[in-house]
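To start, the structure itself, in structure tokens.
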Amino acid sequence: VRLRTGRTNTVSLALTAEREIMNHTAVLISAIAGELRETRFHVNVSPYFPDENPLDPVIRLVEAGSSDAIILNQTQPDDPRVRYLLQKGVPFATHGRTEMGIEHPYFDYDNVAFGRLAVRKLVRRGCRSIRMITAPRAQTFAGHMIAGARDEAKALGVVFDVEEEVDDTTPTSQVMDCVQRRLAEAPEIDAFIASAPILAIAVVSAAEAVGRTLGQNIQVATKEATPFLNLLRKDIIAFPEDASRAGSFLARAVLRALNEPDSPPLQELEVPTDDMR
């Protein structure tokens with residue numbers, strides 16, 4: 001097919017091979033594959049690992065000519081993968097935004113809004129000292145989440161800080177150790193915001209291990225692509241994040257970039273609301 005048409009009929013997903021693939025990324029992949037099912041394109045997943053430069057698998061895909069288009073996640077404000085693909089003229093779409101002043105296809109979750117709403121919900125439950133555990137600062141969404149939460153905390157007059165010692169790539173046991181130390185050092189902390197469900201579970205387990213009771217003297221807010229946290233602990237504040245919607249949109253966006261390169265890029269932002277429990 002490639003020799004005859006110049007295309008491989010393949011869309012590659014350059015995605016991180018971290019533990020969240022069991023939740024968010026798995027739903028994303030399924031939705032992308034489902035959207036492409038009735039087209040001539042099929043999906044190839046090209047994983048990279050936390051100790052690998054995220055640009056490397058993208059370079060390999062482009063140099064091998066093995067894909068017609070690429071979908072990326074875990075974007076950075078100034079993302080070298082985006083710059084590289086633009087220079088090479090390879091169609092792509094990103095799960096997450098950049099801050100490069102460059103128009104490109106993307107689907108993103110409004111993490112500024114999530115940060116604000118999470119703080120607001122926690123304050124409604126009486127919380128006055130809130131900690132956040134999020135992604136590494138190099139990722140765009142981490143900065144967005146922190147900014148939203150910090151602004152809302154300032155507006156509501158409560159204490160907010162970001163945990164620098166751990167993030168969503170840290171082993172769960174280390175996250176739990178950190179939370180237990182922090183609660184011992186600063187017993188006034190009465191809430192955590194976690195960027196991922198596995199972090200929320202670790203925080204709850206750590207807090208309960210030192211005698212805190214979820215829903216009473218410790219609160220936890222997070223977001224999830226698959227609704228299950230409230231089955232485990234009904235008092236977790238869990239905002240839905242529609243990874244299926246994201247995957248379907250990204251597939252359509254990358255097809256448009258392939259087939260209509262002169263058309264404006266498709267872009268969409270999922271905004272969480274205050275109507276969840």
Side-chain angles (χ1 to χ4, degrees), residues 1-2 5-76 79-86 88-98 104-109 135-136 138-141 168-169 195-198 223-226 228 241-259 265-268 270:
V1 171
R2 181 181 173 189
T5 67
R7 285 190 170 183
T8 64
N9 291 344
T10 300
V11 173
S12 287
L13 314 181
L15 305 177
T16 180
E18 291 178 356
R19 60 192 176 194
E20 279 300 292
I21 198 169
M22 296 300 292
N23 180 30
H24 187 280
T25 310
V27 177
L28 189 73
I29 292 170
S30 177
I32 292 170
E35 190 69 30
L36 296 178
R37 184 178 181 182
E38 301 302 323
T39 74
R40 66 179 182 276
F41 292 92
H42 64 276
V43 177
N44 172 60
V45 178
S46 182
Y48 62 91
F49 296 89
D51 61 350
E52 185 178 7
N53 186 337
L55 181 59
D56 290 343
V58 175
I59 292 175
R60 290 196 294 269
L61 288 168
V62 172
E63 291 184 345
S66 56
S67 298
D68 294 328
I70 298 175
I71 296 175
L72 312 170
N73 74 344
Q74 294 193 339
T75 54
Q76 301 174 22
D79 201 309
R81 300 169 300 172
V82 168
R83 202 172 299 280
Y84 174 79
L85 291 170
L86 286 169
K88 293 294 182 178
V90 177
F92 70 95
T94 64
H95 188 209
R97 287 169 287 173
T98 61
H104 61 80
Y106 70 75
F107 184 97
D108 199 10
Y109 181 87
Q139 295 181 34
T140 308
F141 90 87
D168 68 3
T169 68
S195 64
I198 189 68
K223 54 180 180 169
E224 60 182 354
T226 304
F228 73 94
E241 180 176 5
D242 196 341
S244 181
R245 172 183 166 187
S248 296
F249 185 88
L250 287 168
R252 296 194 301 272
V254 82
L255 288 180
R256 177 160 172 174
L258 266 167
N259 299 323
L266 291 181
Q267 300 172 338
E268 187 166 322
E270 178 187 355

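For this chain, numbers begin at 1 and follow the sequence in order.
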At what distance, to the nearest 0.5 angstrom, does [atom1] of [X] lie from [atom2] of [Y]?
{"X": "I59", "Y": "R81", "atom1": "CD1", "atom2": "CZ", "result": "11.5 Å"}
{"X": "K88", "Y": "L61", "atom1": "NZ", "atom2": "CG", "result": "13.5 Å"}
{"X": "Y106", "Y": "E268", "atom1": "OH", "atom2": "CD", "result": "9.5 Å"}
{"X": "N9", "Y": "H42", "atom1": "CG", "atom2": "NE2", "result": "7.5 Å"}
{"X": "T169", "Y": "Q139", "atom1": "OG1", "atom2": "CD", "result": "8.5 Å"}
{"X": "R40", "Y": "L255", "atom1": "CZ", "atom2": "CG", "result": "8.5 Å"}

Test of understanding: with side chain to side chain donor-acceptor pair (under 3.5 Å), list the residues that count as partners of T98, not counting sequence neighbours.
H104
Listed by chain and number, what are the side chain to side chain donor-acceptor pair (under 3.5 Å) partners of N73, not counting sequence neighbours?
none
Over all heavy atoms of both residues, which pair between [X] and [Y] is shortest? Give the atoms and the distance, please.
{"X": "I32", "Y": "G247", "answer": "CG1-O, 3.3 Å"}
{"X": "S66", "Y": "T10", "answer": "O-CB, 3.7 Å"}
{"X": "E224", "Y": "T226", "answer": "OE1-O, 3.2 Å"}
{"X": "S195", "Y": "K223", "answer": "O-CE, 3.5 Å"}
{"X": "A14", "Y": "I70", "answer": "CB-CG2, 4.3 Å"}
{"X": "R97", "Y": "T140", "answer": "O-OG1, 3.1 Å"}

Look at atom CZ of R60 and say whether more than 12 heavy atoms of other residues, nucleotides or ligands are closer to it than 6.0 Å.
yes
Does the pair Y48 and D56 meet the rule for a side-chain contact (heavy atoms from CB on, under 4.5 Å), with working shown?
CA-CA 8 Å; Y48 62 91; D56 290 343; over 6 Å; no
Side chain [X], main chain [Y], donor-acceptor under 3.5 Å:
{"X": "E270", "Y": "D242", "answer": "yes"}
{"X": "S248", "Y": "S244", "answer": "yes"}
{"X": "D68", "Y": "T8", "answer": "yes"}

Verdict with supporting geometry, V58 and F92, side-chain contact (heavy atoms from CB on, under 4.5 Å):
CA-CA 11 Å; V58 175; F92 70 95; over 6 Å; no
Could you go through L28 and L13, starting from their C-alpha distance and side-chain angles, then the distance that decides it, and tell me whether this counts as side-chain contact (heavy atoms from CB on, under 4.5 Å)?
CA-CA 10 Å; L28 189 73; L13 314 181; over 6 Å; no
Applying side-chain contact (heavy atoms from CB on, under 4.5 Å), run through L72 and L85 and close with a yes or a no.
CA-CA 11 Å; L72 312 170; L85 291 170; 4.0 Å; yes
Pairing residues for A93 by the side chain to side chain contact (heavy atoms under 4.5 Å, CB included) criterion, not counting sequence neighbours:
P105, L250, A253, V254
